[in-house]
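Heads up, the thing below is written out as C-alpha cells.
The chains referred to below are lettered A, B, ... by the order of the sequence lines, with proteins before strands, and numbering in each begins at 1. Everything numeric in this text was worked out from a predicted model, so none of it was measured.
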Number of protein chains: 2
Amino acid sequence: MQMDERKRRILRAIIDDYILTGIPVGSRTISKKYETGLSSATIRNEMSDLEELGFLDQPHVSAGRVPSAKAYRLYVDSLLQSGVIPDDSAESVLGHFSGRIHQMEDVIDHAARVLSSLTQYTAVVLSPNGLEPRLQTIQLVPVSIGSALVVIVTDQGVIRDSVIRISPEMDGDTLYAISRTLTNELKGCTLSDACKVLPELIRRMEGNDEVLRGLYGYFTEGQQTSRSPHVAVGGTSNMLSYPEYSDVDKARSFLSLMETRDKLAEIVRGNGELAFTVRIGPETGVPEMADCSIITATYSTRGGQQGTIGVIGPTRMRYSRVISILNMMGHQLTDMFNGEDENNPSRNQE
Amino acid sequence: MQMDERKRRILRAIIDDYILTGIPVGSRTISKKYETGLSSATIRNEMSDLEELGFLDQPHVSAGRVPSAKAYRLYVDSLLQSGVIPDDSAESVLGHFSGRIHQMEDVIDHAARVLSSLTQYTAVVLSPNGLEPRLQTIQLVPVSIGSALVVIVTDQGVIRDSVIRISPEMDGDTLYAISRTLTNELKGCTLSDACKVLPELIRRMEGNDEVLRGLYGYFTEGQQTSRSPHVAVGGTSNMLSYPEYSDVDKARSFLSLMETRDKLAEIVRGNGELAFTVRIGPETGVPEMADCSIITATYSTRGGQQGTIGVIGPTRMRYSRVISILNMMGHQLTDMFNGEDENNPSRNQE
DNA sequence: GTTAGCACTCACCGCTTTCGAGTGCTAACC
DNA sequence: GGTTAGCACTCGAAAGCGGTGAGTGCTAAC
C-alpha cells in the first residue's frame, strides 16, 4: 500500500486536531471539521489504511485514532523541509530581553523562564560547552589579609573565580607582580597545560610557591567543572497541565528526571551539531519520556562555542510554534553573547 | 475540660500514627498498636474530648480522626522545649560535604539536594542576605582589547564581577594604576555611597572617565542584585510521593510556587531571626501551602550574615527527624562558610 | 472509488448495592 | 466515677450494572 496525497492530507488533519484537543479523533470529526469533500465512511477506510501503514494507533476499538510517533516524524519532517518557519510570536521573544542582564548564568536562567512561559511547555537551556579555553590573563586580587582571589581570563571569557590562601605579608603590589609573571608564563596554555607547567614554575619562583600550590589545586578542579555546563530549567509545572501527565506517578518520574541536571543535560544535548533537532517519543531514548518530544536548537557565543536550548512537551506538541520560538530565541541568544551593545554580557564562567 | 497526661499520650500516639501512615486513625488502631492499657471505647471517649478541645478533626463521621494544626503545634513545641534534638542521621549529613566545593552558589545548590534526599521532602536553601557590603578592593583586569573585568571585593567576599568596555589603548599597567586609585578612594564605602562619590571622581580623573562611567552603571545594578539572594530548591518532586498531593491541580499550584523563586524566598525567609522556625499549615500564611509545614533553620557566614535553610513537607511531616537534620546541616554550613580548611569557600557573590 | 446503512464494541456516566471502618450512646461492670 | 462491652448508625469507597453514544468495520448499493 502506498501513501498518496489524500492520505497525507487526512493524516495531517488528524494530527492537527489531536495536537489541539488531545483526544482521539474519529472519522466524522475529520469529515466535518476539515473541508475534505469526503464522507466519514471514506475517511474511515483511509484511516484504516493509515493504521496499517503504522501512522495511527487505536487506543481501543471503539475510540478514535491517535497519531503514532511515526506520524509525528512525517509531520515534523515535512514542516522542516518546507523551510517555512512561521514567526507567530517574533516580537514577544525579542521583548523579553530588554532588561540589562550581565551574567551568563542569569541570561540562561532568564531564557529558560521566557521559553517556558512562551511555549507553555518545559524549557531547558544549557550553557555552551566549550572547547578547552586558553588562558589569557591571570590576576590575583587581595581579599583580606592572608587570602587572595584568583581571576582567570581566557579567550572564552572569565572563568569562575575562587579564593586561595596566601602568606599574610603579601601586599597588593607583590600580588600584581606575581600576576604579571604568571600571565607571561601561562598565556596561551589550556588549563591542563598549565597544570603541567606549574610544577616547574613552583621550583623557579621559590618564596611564592605557596601561592602557586594553591593555584595548582584550583586549576585541576577548574578542568573538571568546566566540563559540566550550567543547566537552567523553566516551567516544569507546565507539564502537569496536559492530561498526558495527570497520572501522578508519571508526573513524578518526569519531574525527578528534570531535577537531575546532569542527566537532563545529557539528554537534551544529544548530538548537538545540528541547528534543529526534533526527537519524538521513543526517539528520545529515555523511557521516562516515552510520550514526550524534545525540540532543541543551538546558539553560539563569541568564542565559537555552542549552547543548547530545548523545549520538552507532550508528543502532541505544537511543533511549528515551538520551532519558531526556538529559532527566534536562538538568534536572540547568539546576538546577546556576541555582545552587540555596550554592556557586554559575553562571559563564560565554567 | 482539661488536657491531662493521658490525653496527651493518646494525642501523641495519634499524631505519630498519622505521620507514619497518612490515613485517619481510629480508636481501635490506637488501643491495639500502642500499648495503652485501654480499650477502644475509652480511647473513643478521649478522642471525642480531644476533638472538642480542637486537637483533632474528623474528615467525616465514619472515618478516624486527623490531627489539627493545633495538635501539631503542641507536638512540635513539646519536641522543641524538651531540647532533645535527636541525631538520627548525623553521619549522613556530614558525609555529604566531603567533596571540595568552592562557590557559594554551588554549596547552596548542593545543600538543597542533600537536604531533600535526606528528608524526602522539598528543600529550600537561601544564600545569606547581608547587610550592605563595604568595598575593600576594586580591580580592573584586562579581558581583551577594549574590555576589562571589574572585580569588586567587599568585607563579605567577592561581588559578582562583570565586564565593562574601556578604550582600546589601555594596557594592564594603566588599569592597575586606576585600580589602586579607585581602591584608595572608595575603600570602606558601601555600593550606594560609591554611587554618590563616583560623579566627583569622574570629574577629577579626566581621561579615565569612560571607565568610571561604566563602573557607575555597574554599581547601581549591583545594589539591586545584592538584594535578591540566591535560592536553591531540591526535591520538588518528592512532594508528589505523598497522597496529600495526588491531586494534580494541587500539585501544579505547589510546583509553580516552587518555581517563582523570589516569592518562595520571601515565604521561607519569614521572620528569620530565630534559630528554628516551625510553621504549620495556615501559619505559613500562603494559601497554596494550607496543608504544608515549613521548618527553617539558619546558618551564618564569616561576615555575620545569616542564610536560611528550610524543608517543606506535608503537615504530617516527620518533625523530629527534619529538625535534627536541619540542625546538623545548619552547623555544617556555618562551619563551611567560616572556612576552616585551606580551600576557603567563604565568598558572597550577591 | 465512494457512500449510506447497520450491527457491534466499549469507554464513560450515573445509579444502586454492598461492605466495613469507625463512631456515639447506653448499660453494665469494677 | 471511670472503664468497657455491645449495638445501632453513618457514610465513604468499592463493586456491580444498565444506558448512552462515539466510533468502528463491513456490506451492499450507487
*Mind calculating the distance between CG (A:Asp49) and C1' (D:dC26) to the nearest angstrom?*
14 Å
*Decide yes or no, distance alone: a donor-acceptor N/O pair under 3.5 angstrom between the base of C:dG24 and the side-chain of B:Arg65.*
no
*Checking only heavy atoms, does the side chain of B:Arg28 share a donor-acceptor pair with the base of C:dG20 at less than 3.5 Å?*
no
_Residues A:Lys263 and A:Glu266 bridged, charged N to O under 4.0 Å_ = no
*asked:* When you compare the side chains of B:Asp16 and B:Tyr75, does any donor N or O come within less than 3.5 Å of an acceptor on the partner?
replied: yes
_For B:Lys7, the option from B:Glu46, B:Glu51, B:Glu52 that meets salt bridge (charged side-chain N to carboxylate O under 4.0 Å, His left out)_ = B:Glu46
*Taking only the side-chain nitrogens and oxygens of B:Arg6, find out if one of them lies under 4.0 Å from OP1 or OP2 of D:dT3.*
yes
*May I ask you to evaluate whether A:Ser27 reaches the phosphate of D:dT24, defined as a side-chain N or O under 4.0 Å from OP1 or OP2?*
yes
*So what does the secondary structure string of DNA chain D come out as, 5' to 3', with Watson-Crick or wobble pairs under 3.5 angstrom, [ ] for crossing and | for pairs with another strand?*
||||||||||||||||||||||||||||||
*Do the side-chain N or O atoms of A:Thr42 get closer than 4.0 angstrom to the phosphate oxygens (OP1, OP2) of C:dT2?*
no
_Using whole Å, what does the distance between atom C1' of nucleotide C:dA21 and atom CD1 of B:Ile23 come to?_
10 Å
_Please tell me if B:Ser39 has a side-chain N or O lying less than 4.0 Å from either OP1 or OP2 of D:dT3._
no
*Would you mind checking if B:Arg65 and B:Asp57 are paired as a salt bridge, meaning a charged N to carboxylate O distance below 4.0 Å?*
no
*Considering only NZ, NE, NH1 and NH2 on the basic side and carboxylate oxygens on the acidic side, decide whether A:Arg316 and A:Asp291 come within less than 4.0 Å.*
no
*Taking atom C1' of D:dT4 as reference, at what distance in whole Å does atom NZ of B:Lys32 sit?*
17 Å
*What is the distance from CD1 of A:Ile30 to P of D:dA22, rounded to the nearest Å?*
16 Å
*Relative to the 5' end of DNA chain C, which residue comes earlier, B:Asn45 or B:Gly64, by the nucleotide with the nearest heavy atom?*
B:Gly64
